[in-house]
Amino acid sequence: MIWRLPMKYNPSAVEIKWQKIWEEKKLFKVETETNKEKFYCLEMFPYPSGKIHMGHVRNYAIGDVISRYKFMQGYNVLHPMGWDAFGLPAENAAIENSTHPAVWTKSNIDYMRAQLKKLGLSYDWDREIATCDPEYYKWEQKVFIEMFEKGLIYKKKSHLNWCDDCNTVLANEQVEDGACWRCGKEVRIKELDGWYLKITDYADELLEFTNKLDGWPSKVLTMQQNWIGKSYGAEINFRFSHNNESITVFTTRPDTLYGATFMSIAPEHPMAKALLKGTDNEKDGLEFIDSILKEDKVNRMADDKEKKGFNTGRCVINPVTGCQMPVFIANFVLMDYGTGAVMAVPAHDQRDFEFAKKYGCELKIVIMPKEEIKAEDLTEAYTGAGKLVASDQFTGMDNEPAKKAIIEFLDSNNIGKSTVNFRLRDWQISRQRYWGSPIPFIQCDCCGSVPVPFDQLPVRLPDVDFNPAMRGNPLDKVESFVNTTCPKCGKPARRETDTMDTFMESSWYFLRYTSPKCDTAPFNKEDAKYWMNVDQYIGGIEHAILHLLYSRFYTKVLRDLGYTDIDEPFNRLLTQGMVCKETYKCPEHGWLFPEEAKDGKCAKCGKDVLIGRVEKMSKSKKNVIDPNKLIETYGADTARLFILFASPPERELEWSDSGVEGSFRFLNRVFRLIDNNMELFKGALPAKTEDELTKELLFAMHSTIKKVTEDIERYQLNTAVAAMMEYVNSLYAAEAKMNDGNKALFRECLTTLMILIAPFTPHIAEELWEQTGQSGLISRTGWVKFDASMTQKDEITVAVQVNGKLRGQIDIPRDMSQDDVFSLALSNDNVSKYTDGTQIIKKIYVPNKLVNFVVK
RNA sequence: GCGAGUGUGGCGGAAUUGGUAGACGCGCUAGACUUAGGAUCUAGUGUCCUAGGCGUGGGGGUUCGAGUCCCUUCACUCGCACCA
C-alpha cells in the first residue's frame, strides 16, 4: 500500500476532470456525415447484475484501447454500450424484495453506467440500449412473427424438467440432486409445449462459414463445429416381425449392418409403448419406461451411468440377413439425436458390446482387422478398419468403400438411404417466466396459434405486484393480459404467456446499435450497411457456443427476411481470458476475502491462512478485487494499465497487488518525467545539433512507435505496454545526458510518449497534454507515425557462433559485405580461439544478425 | 473416451519468419539520498564445480543452428461427452 502519495500525480482529480470534459464535448459521439473509413468495435454487453466485476473491466479496457487507437488513427469509430437487461436474476430479486424487476434492473443499470464512466471508456452513450425497453423488444416480436410466417418457428411438445410447486419448467442447471433449486420439490419430466426456432435449417451454412471466419480463434470455431456435429451415414428401415410396420434407425456404420443382432430404442420413442401392448411383460415394460423418464436429465446422462434395457419381446428383421433382432428399450438411447432408435452391432460398437454382454445378445463379427479376431475372445468392441466378412456380396471389401456400396444396395431396394445428421438441435426459446419479451401469439380454440397483428406490437409486459409468495409464471395470473380475442375470428382467446429466451435479445443488439433510435424497423438498413460488420468483437470464451452461434444464426435469418445483406456479423473475434486470483482459506472460517487474510492470518480468529490455488475470481471463493476500491486507491488509468500489461488478452490474467503498484509506479514515472521537463514546452528551443544522443533518441522514439503500433494491430497489448516502459527508461537515461542541441528532439520524444500511452491510460495522457500546453485534446490528436529508416541502427552488433555456440560479438556498419563480416568475425580474439587449427567447412551469415562457422 | 490448448528464472510473462533465450514488470540483493523508508535513484539478479559447462516438462529426430519444425512421452487446463 502506498503510504504517501507522490506530489504531483493525483489520479482521482485528473480522472474526474477529464471524464467530465469528454462527456460535455460528446467526444465519442459517432459522426454521421463523414468520408472517414468506419471501424465498429464492440464488447459483449453486460447483464445488469448490480455492479461491474474485474472480468468486465478487462473486457472493456481491451476494447477501449482498440477503439481509442482507431479513433486517433482517423477512423470513424462506433463504440457502443448497452444492457442485456432481461433475465432470471431480476425476477428472483423482484420476488424476494417485492420490487418490480424493471425497478431493480434500472437502478443496477444506473449504478453500473456510473462505474463504466469512472473507467474512462470511450463509448457513444447516446446509443445506449437496454433490451427490456419495449422499443427494443417490439422489433424482436415483429421479426419473430415474420420468422413464423417463413416457417422458421414451430411449437412442439417435448420432455422437460418440471417443478409442480413452482409450476414452471426448469433448466438442467436449475435442478439440484433431482430437486427444484428454489423450493426443494422433486423434479419430474413432463411433456410440455414449447416454441422452437429452426436453427437446424441453417446447420449446413453455419458449419460452412466456420471455414471462412478467419478472424476468429480456431478454438471457438472448432467448438462450434463440434456442436453442430455433422455426420454422414444412412437411415435404414427395419420391418417388425409381428406386424407390417417398420422402424427407422440412423447409423454412421452401414458397413456393419450384417453384424446388427438387436435393436435399442429410446424410452421416449413414440413406438415404445405401442410395442409393449399385448406382450406378456407389458406392465413391467411401462414401469421401466416410467422409471427412466422420472430421472432428471442430468442424472440420466451421467458419466458412469450403467446401461439398462428392457426386452420388449418384439423383433425386427435384419433386412440383409433376415435374422430376427430383439427390440430393447434402452436408457442410453437419445430421442433427440437421429431417429431415437439404433441398430445394435455389439461386435463393433462399444456401447452395444456392453449392452449385449449384460443381456446375452449375440455377437457377430463382420469387420475383420489384419490380425484375426474371434467373437468369443472379444473383451471390447472392435471399432477400427478392416475387411468385411460374413456379408454376402460385400464380403472382402474394405469397410470404408463398403459403407457406400451397402447404402447404394439399400437405396435400390427401398430399405434405406444415404443421409446426413446433425447434433445441433432446434432452439427452444420458451420460458415460463415474466421478465422477458412476450411471445407475440394468441391461442385460439378455432384458429390455433395466431400471431398478434403488427399494429398491435409491442405486446408489453403487464404490471404485476411481486412478492415472496409467488409461484410459477406471473403472466398466467394476469387476466387482463391473458384474456383477449382472436385476431382472426374474433372469438375469445388466450394470449401466449411464455416469454422468450434472453439469448434472443443478444442475437441482434449489434445491429440495433447502428441506428438505436430507429422507430420504423429493427434498424435502419442503410446505417447497418455502413457500419456492419462488427470489425472487432470482444468477449468471454464462455459464449463460444450459445451467444455466438445464435447471433450468427439470427443474422442469417435477418438476411433472408430482407433486413440486411450480411452473412456473418463479426469479422474478428477476441476471446479474453479469465481474471484469476489466489484463494485464501481459514481452517475455521472457510474462504476469506483478500483483506481478511492479511499477513497470512485470519482476521476473524488469527489462525494461519491456507493459500489455495489461483482460480477464476468468484464471489463464492471470495478471491475478488472490487473495481471501485481499486479505482479509489490507484485510479482507472492504473487499473487499466495493469490489466493490459499483466497478460496477453486471450490468456488468463493472474491478479497481483504488487503488479498493480508497479503499474502505478510507471504512471508516476511518466508524470514526473514530463513534469521535470516542463520548461521545454515553454517558448523557443535552441537549434538542433547532431550527436550520439540524437541518434539514440531518434532510434528509441521511432522503434517504440513501430513496436507499439504493430503490437496494438496484433492485439499484443502487454508487449505494447512493455515497449512504452522501455521507452520511458531510455528517456530517463537520456535526460541525464541532454544538452541544448537535442532539447527540441527530447521534447518531441515526450510528446510522442503522451500520444502512445493515450489509448491505454487516457486520463493522465490528456492531463499531461494540457499541462504541456498542447492544443486540443489528445484523444482527438492523430496517431504518431514512424520512419522505418530510423528504426535501424547504423552500427549493428552481430553474434558470432562457432558450431552453433555463441563465441563472440562484433560491431559492424549496417549492410557490410558478407566477406568483410566473415573476416572481421574471424579476427575476434575469442572466436579465433575456436577456429584456429581447424578447418572451416561452412560459413553462414544471416545479414545484420548472426555469423556461424562450422568447423572440423 | 473425443477435441483443443498450455508447459520458458523465485513469480507474471517476452522472443512476430528456425538465427545472441529470459524483453518488460514483480520480487530479491547491495549501495546512494534520508530523522526514517514500504518514496526515489544507481548497480546486480537463469543455473553450476564460474576456464567454461548446463539450461525453454522428459526422451528422440531434422538442421550449420530448435523455445519455435517432426516423432514420442508426461503433467495440467478448457470444451464436448452413451451423438449410434
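These numbers were taken from a predicted model, which means no experiment stands behind them. Labels below follow one simple rule: chain letters A, B, ... track the order of the sequence lines, proteins then strands, and each chain is numbered from 1.
Annotation: cation-pi pair A/Arg572/A/Trp216 absent, no NZ/CZ under 6.0 Å from the ring centroid and within 45° of its normal.
Within the 4.0 angstrom heavy-atom criterion, only backbone atoms of the sugar-phosphate kind lie near A/Asn718; the bases stay farther away. If you check every strand for non-hydrogen atoms under 4.0 Å, A/Gln809 touches a base. Using a 4.0 Å heavy-atom cutoff across all strands shown, A/Asn729 reaches sugar-phosphate atoms only and no base atom. A/Tyr834 comes within contact range of the sugar-phosphate backbone alone, with a heavy-atom separation under 4.0 Å but no base atom that close. Within 4.0 Å (heavy atoms only), A/Ser231 reaches sugar-phosphate atoms of the nucleic acid but no base atom.
For B/rC82, the base has a donor-acceptor partner in the side chain of A/Lys307 [N/O atoms by modelled type, under 3.5 angstrom].
If you take atom C1' in B/rG22 and the same atom in B/rC54, they sit 15 Å apart, rounded to whole Å. Comparing B/rU20 with B/rG1, their P atoms are spaced 40 Å from each other, to the whole Å. One C1' atom belongs to B/rG60, the other to B/rU50, and the distance between them is 31 Å to the nearest Å.
Nucleotide B/rG1 is matched to B/rC80 when pairs are restricted to Watson-Crick or G-U wobble geometry with both distances under 3.5 angstrom. Of the nucleotides present, none pairs with B/rU35 by Watson-Crick or G-U wobble criteria with both distances under 3.5 Å.
Side-chain atoms of A/Tyr715 and A/Glu650 form no donor-acceptor pair, as typed in the model, at a separation below 3.5 Å. When only modelled atom types and interatomic distance are considered, A/Asn421 and A/Ser231 share no side-chain donor-acceptor pair under 3.5 Å.
Put simply, the side chain of A/Asp811 never gets that close to the backbone of A/Glu795: no donor and acceptor are under 3.5 Å apart.
Taking atom OH on A/Tyr732 and atom P on B/rC41, their separation rounds to 6 Å, with Å as the unit.
Between A/Gly662 and A/Leu806, the residue anchored closer to the 5' end of RNA chain B is A/Leu806, taking for each the nucleotide with the nearest heavy atom. In terms of position on RNA chain B, the residue among A/Glu654 and A/Met223 whose nearest nucleotide sits closer to the 5' end is A/Glu654.
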List every contact pair, protein side and nucleotides 15-19 of chain B side both N or O, where the distance is under 3.5 Å.
from, atom 1, to, atom 2, distance (Å)
B/rA15, OP1, A/Arg714, NH2, 3.2
B/rU16, O4, A/Lys707, NZ, 2.9

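A salt bridge links A/Glu696 to A/Lys737: at least one charged side-chain nitrogen sits closer than 4.0 Å to a carboxylate oxygen. Using a 4.0 Å cut-off between a side-chain N of Lys or Arg and a carboxylate O of Asp or Glu, A/Asp711 and A/Arg714 qualify as a salt bridge.
Closest to the side chain of A/Met725, out of B/rC54, B/rA84, B/rG25, is B/rG25.
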